[in-house]
Asks: 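Right, I'll just put the structure down here and ask away after.
Quick note: residue numbers are just sequence positions, from 1. Atoms considered below: every heavy atom in the structure, side chains included; atoms not considered: hydrogens, waters and symmetry mates. Because the structure is a prediction, the values reported are computed rather than measured.
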Amino acid sequence: LNPGDYGTVYFTIKIMDTATPGGEVITIAKLSSEKGWVRDSDAAQVCCWCDTVYVDAAAYGGFGSNGASWHGAYKKLTQALERITATGCGDEIWVAKGTYYPNQGSSFEMIEGVGIYGGFAGEPEETTLAARDILKNKTRLNANGGSYAVTAENIENAVLDGVTVTGAQSAAVRVISSDAAISSCVIAGNADGIELAGGSELMLSKSLISDNGNDGVNVSYSKFGISLTMLRSNLGSGIKVNSLSAASAINDSIIAANIG
């Protein structure tokens with residue numbers, strides 16, 4: 001536009017890959033002439049352009065870290081959970097080796113329809129779940145002195161896979177009125193291993209529940225399916241069933257050397 005002209009100016013804004021999926025971008029435009037200037041701004045929502053959220057305790061974690069790649073991974077698991085809760089963007093969280101802590105006095109709160117997967121090295125070539133090595137790349141979720149390390153309450157289709165959960169003063173994983181799946185996990189060094197209550201349903205597979213101060217799994221009015229899992233050396237029962245909400249099953253598993 002020339003001075004004195006009237007009209008509309010259109011801008012095309014290119015969103016870079018440092019933009020947070022589901023976040024907000026504010027565009028500021030300023031037009032000036034010898035007679036003065038005008039300034040305007042507008043906010044635009046960034047689409048959910050990445051379904052996987054990356055977490056790596058060894059990541060840079062500074063400006064431009066949006067969890068959309070290993071290069072831009074979040075340093076904390078809490079950041080990934082908070083991002084998905086706030087924006088709804090993301091259905092899998094991939095977590096590299098290292099130890100992760102929830103906020104003091106809190107727990108890692110699982111999200112409906114979202115899976116947490118550990119066992120990654122945090123390398124760019126890890127582009128599928130099959131690329132991880134959960135034995136070599138230990139992903140530890142420590143309760144940070146709290147009652148629970150991981151909680152699932154009033155949700156469905158939550159997944160915890162390939163992590164070690166430890167340090168909880170009550171139970172490592174608490175599942176209340178929820179449907180959850182736990183696979184390829186180690187749950188050790190807690191008061192209870194898993195607390196299952198409130199009409200929940202748990203599928204537990206390919207895991208080790210050991211060396212907890214009380215029960216490996218404590219069930220109250222819920223149902224479960226357990227397969228290819230070892231429950232051993234817990235100071236209480238391997239599985240303590242207070243009551244069931246429906247028929248439950250244990251297949252191809254070992255329950256041994258528990259004290260209770």
Side-chain angles (χ1 to χ4, degrees), residues 91-93 95 107-119 129-130 132-135 138-141 143 147-166 168 170-260:
D91 53 25
E92 291 186 355
I93 302 175
V95 191
S107 64
F108 294 116
E109 296 181 8
M110 300 185 74
I111 302 170
E112 184 159 331
V114 175
I116 299 174
Y117 298 89
L129 290 174
R132 60 186 176 150
D133 186 338
I134 61 175
L135 297 178
K138 300 290 186 182
T139 301
R140 298 178 176 86
L141 309 185
S147 296
Y148 309 99
V150 180
T151 54
E153 297 191 28
N154 300 301
I155 61 173
E156 296 181 354
N157 301 321
V159 176
L160 187 66
D161 188 302
V163 301
T164 296
V165 190
T166 189
S170 291
V173 182
R174 188 183 196 222
V175 182
I176 305 295
S177 303
S178 298
D179 295 344
I182 299 174
S183 181
S184 303
C185 289
V186 175
I187 298 177
N190 307 277
D192 278 325
I194 301 171
E195 177 186 341
L196 188 63
S200 294
E201 181 175 354
L202 173 69
M203 300 303 294
L204 174 64
S205 64
K206 302 177 183 178
S207 295
L208 172 64
I209 316 295
S210 71
D211 299 289
N212 296 289
N214 199 10
D215 302 316
V217 179
N218 188 298
V219 183
S220 296
Y221 192 69
S222 297
K223 64 178 180 178
F224 59 83
I226 298 176
S227 63
L228 302 172
T229 291
M230 178 173 287
L231 301 103
R232 71 179 187 198
S233 303
N234 298 287
L235 296 185
S237 301
I239 304 173
K240 182 177 181 180
V241 177
N242 302 295
S243 59
L244 292 173
S245 61
S248 300
I250 303 172
N251 295 302
D252 301 317
S253 297
I254 297 175
I255 305 173
N258 300 286
I259 305 302

Asks: Just do the side chain to side chain contact (heavy atoms under 4.5 Å, CB included) check on Val163 and Val150 with the steps written out, would you?
Replies: CA-CA 11 Å; Val163 301; Val150 180; over 6 Å; no
Asks: Does the side chain to side chain contact (heavy atoms under 4.5 Å, CB included) test come out yes or no for Arg132 and Thr139, once each step is laid out?
Replies: CA-CA 11 Å; Arg132 60 186 176 150; Thr139 301; over 6 Å; no
Asks: Can you tell which of Ile194, Val241, Asn242, Ile239 makes a side-chain contact (heavy atoms from CB on, under 4.5 Å) with Asn218?
Replies: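 Single side-chain contact (heavy atoms from CB on, under 4.5 Å) partner of Asn218 among Ile194, Val241, Asn242, Ile239: Asn242.
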Asks: Applying side-chain hydrogen bond (donor to acceptor under 3.5 Å, both in side chains), can you list everything that pairs with Ser248, at least two apart in sequence or on another chain?
Replies: none
Asks: Walk me through whether Glu201 and Glu156 qualify under side chain to side chain contact (heavy atoms under 4.5 Å, CB included).
Replies: CA-CA 9 Å; Glu201 181 175 354; Glu156 296 181 354; over 6 Å; no
Asks: Kindly compute the distance separating CG (Asn234) from OG (Ser210), expressed to the nearest 0.5 Å.
Replies: 6.5 Å
Asks: Do you know which of Asn190, Asn258, Thr166 makes side chain to side chain donor-acceptor pair (under 3.5 Å) with Asn212?
Replies: Asn190
Asks: Only counting residues at least two apart or in another chain, list the ones meeting side-chain hydrogen bond (donor to acceptor under 3.5 Å, both in side chains) with Ser183.
Replies: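 Result, side-chain hydrogen bond (donor to acceptor under 3.5 Å, both in side chains) vs Ser183: Ser205.
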Asks: Who passes side-chain contact (heavy atoms from CB on, under 4.5 Å) against Glu92, sequence neighbours left out?
Replies: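 Glu92: side-chain contact (heavy atoms from CB on, under 4.5 Å) contacts with Thr52, Trp94, Tyr117, Leu129.
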Asks: Atom CD1 of Ile176 and atom CG of Asn154: how far apart are they, to the nearest 0.5 Å?
Replies: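 Going from the CD1 atom of Ile176 to the CG atom of Asn154 covers 9.0 Å.
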Asks: About how many Å separate CD1 of Ile116 and CG of Leu141, when rounded to the nearest 0.5 Å?
Replies: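 That separation rounds to 7.0 Å.
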Asks: Show, in sequence, the C-alpha distance, side-chain angles and deciding distance for Phe224 and Val217, and conclude whether the side chain to side chain contact (heavy atoms under 4.5 Å, CB included) test is met.
Replies: CA-CA 10 Å; Phe224 59 83; Val217 179; 5.8 Å; no
Asks: Measure the CG-CD1 distance between Asp252 and Ile226 for me, rounded to the nearest 0.5 Å.
Replies: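 Here the rounded value is 12.5 Å.
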Asks: With rounding to the nearest 0.5 Å, note down the distance linking OG1 in Thr151 to CE in Met110.
Replies: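 That separation rounds to 9.0 Å.
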